[in-house]
Amino acid sequence: MGISSPTINFPLDETIKRIEHVKSNANGIIHEAKKIQREISTIRPQSDAEEKERIDSADGMLGDILIRFLQKSFPKDSILCEDKIPVEEGDFRWVLDPVDGSMNFVRGLPLYAISFGLEHRGTPVGGVVIVPPQESVYSAILGEGAYKNGELIKTSSVSSLDRAIFSPNLPTKRAHMIQEIMADLSGFLTYARSFRRTGSFVLDSCFIAEGVMDAIWEKTVKHWDVSAISVILAEAGGKLTDLNGKHYYTGLPELVASNGILHQEILNLLKKVRSSVSMN
C-alpha cells in the first residue's frame, strides 16, 4: 500500500488498467518524442515569434499522437490537452501536457517531460510522467505509492532550509513582478543550500518526488502541468499547495511543491519576504 490513503471511491481496476497501458507503451512515446525533437531543433529559431511557432508545433504534433493513442484504447474517456479542443465523454478524463519544458524541447535541450494525468469524476486518481531524454517513467495511483521505472520512490527527509535544494520561480514574463521575484530569491539565497532549475515544472516536481530535490515554487501553473504530478508527489510523501497552504486542485495560479517536511517553513518565508516588498 502507498503512503497516502484514498479518500474517494473510484474503480481501482480500471485505473490500474489505464496507467499500466500508458507505462507499457512508454518506449514508443519516447521514440516519437525524440524523433520530433531532432526534427524541430535542427534549425535554431531566429525570433520570439519563430520560437513560439515551433513550440506550438511541437505541442501540437505530440498532442495529436497522445490523443490518438488514448482514443484507440479508451474511446469513452474524456481528454483535456493543452491547446486542443476538449473531448468530453465518460467518468475518466485524461489531462495531458504533451511537452512540459517546450522551450528546452525546441532548442534541443534534454530537459522536458510528457505528462498524463488521470481523473475520475473530476478528482485526480493516477498519473504517468515520461521523461524521454532519460528514458524514465514516473507513475502513481491514489493509495498505491509512487514509482520511477517500477521502483518505489519517496521524497527526501531534508528538514532544514540550509540543507535544501530548491527550484526557483522564474516566469518567462516577469518584468511586472520583478520586485516580488527578487524578494523571493533573496530570501532563499539567504537560507537555502542551493538552486537547480530545469525549465520544466513537471520534471522538477518528479525530482522532488524521488527525493533528489526538495522544493519548487512556481507561478502561472496550468491544470495540465499539475494533474499527474499532484498524485505522484502526494504518493511519494510530498505536498502541493498554494501560498496559504490550500491543497491543490482548482487550477491555482501559484503553487509550492515540497518534500512535505519543509512545506510550512517555505510558506512562512515567502510570506515574510513578500510582506517586506509591500511595505517598501
Side-chain angles (χ1 to χ4, degrees), residues 1-27 29-30 66 70 73-74 77 79-80 91-98 100 112-132 134-157 200-216 218 221-241 247-249 255-261 263:
M1 203 63 168
I3 290 170
S4 75
S5 298
T7 56
I8 61 163
N9 292 318
F10 65 98
L12 180 59
D13 288 350
E14 286 296 316
T15 302
I16 292 172
K17 181 170 75 174
R18 284 162 170 78
I19 295 299
E20 289 300 319
H21 182 68
V22 174
K23 290 166 61 180
S24 66
N25 285 276
N27 286 340
I29 294 168
I30 289 169
L66 301 184
L70 292 173
S73 300
F74 307 107
D77 287 1
I79 300 175
L80 175 65
D91 289 341
F92 279 104
R93 179 170 77 162
W94 295 95
V95 182
L96 306 178
D97 191 347
D100 189 71
Y112 65 92
I114 300 168
S115 180
F116 292 78
L118 182 62
E119 302 172 4
H120 183 260
R121 297 180 180 175
T123 298
V125 295
V128 179
V129 171
I130 299 172
V131 187
Q134 286 80 48
E135 299 188 354
S136 297
V137 180
Y138 297 84
S139 64
I141 293 171
L142 191 63
E144 300 295 313
Y147 297 83
K148 176 185 178 184
N149 298 336
E151 298 291 327
L152 191 68
I153 57 174
K154 293 182 180 181
T155 53
S156 75
S157 58
S200 165
F201 176 83
V202 172
L203 183 53
D204 285 341
S205 297
C206 285
F207 287 159
I208 295 167
E210 68 171 304
V212 297
M213 283 175 48
D214 304 300
I216 180 174
E218 189 82 20
V221 181
K222 304 299 184 183
H223 186 63
W224 43 77
D225 299 322
V226 190
S227 182
I229 198 62
S230 68
V231 182
I232 293 170
L233 192 62
E235 287 299 310
K239 205 165 185 180
L240 182 65
T241 75
H247 180 66
Y248 165 78
Y249 209 62
L255 297 173
V256 174
S258 80
N259 66 355
I261 303 168
H263 207 83

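- Taking 4.5 Å as the limit, some side-chain heavy atom of F10 sits within range of a side-chain heavy atom of L142.
- K222 NZ to L80 CG: the interatomic distance, rounded to the nearest 0.5 Å, is 12.0 Å.
- Nearest approach of N259 to I208, heavy atoms of both residues: N-CG2, 3.9 Å.
- Here the OG-CZ distance, from S115 to F201, works out to 10.0 Å after rounding to the nearest 0.5 Å.
- Within the structure, salt bridge (charged side-chain N to carboxylate O under 4.0 Å, His left out) contacts touching residues 12-21 (residues at least two apart or in different chains) are E14-K17, E14-R18, R18-D77, E20-K23.
- Residues satisfying the side chain to side chain donor-acceptor pair (under 3.5 Å) test with S200, not counting sequence neighbours, are D100.
- Within the 4.5 Å cutoff, the side chain of I229 has heavy atoms near those of the C206 side chain.
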List the steps and the verdict of side-chain contact (heavy atoms from CB on, under 4.5 Å) for L255 and E218.
-> CA-CA 5 Å; L255 297 173; E218 189 82 20; 5.6 Å; no
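- The side-chain heavy atoms of F116 and I130, taken from C-beta on, include a pair separated by under 4.5 Å.
- Once rounded to the nearest 0.5 Å, the distance linking CD1 of I16 with CD1 of I141 reads 5.0 Å.
- In this structure, CG on L233 lies 9.0 Å from CD1 on I153, to the nearest 0.5 angstrom.
- Rounded to the nearest 0.5 angstrom, L240 CG and S230 OG are separated by 6.5 Å.
- Between W94 and F74, the ring planes lie tilted relative to each other; the angle falls in the 30° to 60° range.
- Residues meeting the ring-ring contact (aromatic ring centres under 6.0 Å, His included) test with H120, sequence neighbours left out: F92.
- Considering only residues two or more places apart in sequence or on other chains, N149 meets the side chain to side chain donor-acceptor pair (under 3.5 Å) condition with none of them.
- The CG atom of D97 sits 9.5 Å away from the CD1 atom of I114 when rounded to the nearest 0.5 Å.
- The shortest heavy-atom contact between V129 and A228 is CG2-CB, 4.2 Å.
- With sequence neighbours excluded, the residues that form a side chain to side chain donor-acceptor pair (under 3.5 Å) with D204 are S167, T198.
- Heavy atoms only, all atoms of each residue included: S156 and I261 are closest at O-CD1, 3.8 Å.
- Heavy atoms only, all atoms of each residue included: S136 and K148 are closest at OG-CE, 3.7 Å.
- Closest approach of G238 and T155 over heavy atoms only: N-CG2, 3.6 Å.
- Residues passing the ring-ring contact (aromatic ring centres under 6.0 Å, His included) test with Y147: none are found, sequence neighbours excluded.
- Residues satisfying the side chain to side chain donor-acceptor pair (under 3.5 Å) criterion with Q134, sequence neighbours excluded, are absent altogether.
- Side-chain atoms of I232 and S205, non-hydrogen and from C-beta on, never get closer than 4.5 Å to each other.
- Evaluation of the side chain to side chain contact (heavy atoms under 4.5 Å, CB included) rule for A215 yields F166, S258, I266 as partners, not counting sequence neighbours.
- Contacts of Y112 classified as ring-ring contact (aromatic ring centres under 6.0 Å, His included), with partners at least two apart in sequence or in another chain: F105.
- S227 places no side-chain N or O within donor-acceptor distance of the main-chain N or O of H223, the cut-off being under 3.5 Å.
- Pairing each heavy atom of I19 with each of G127, the nearest pair is CD1-N, 3.6 Å.
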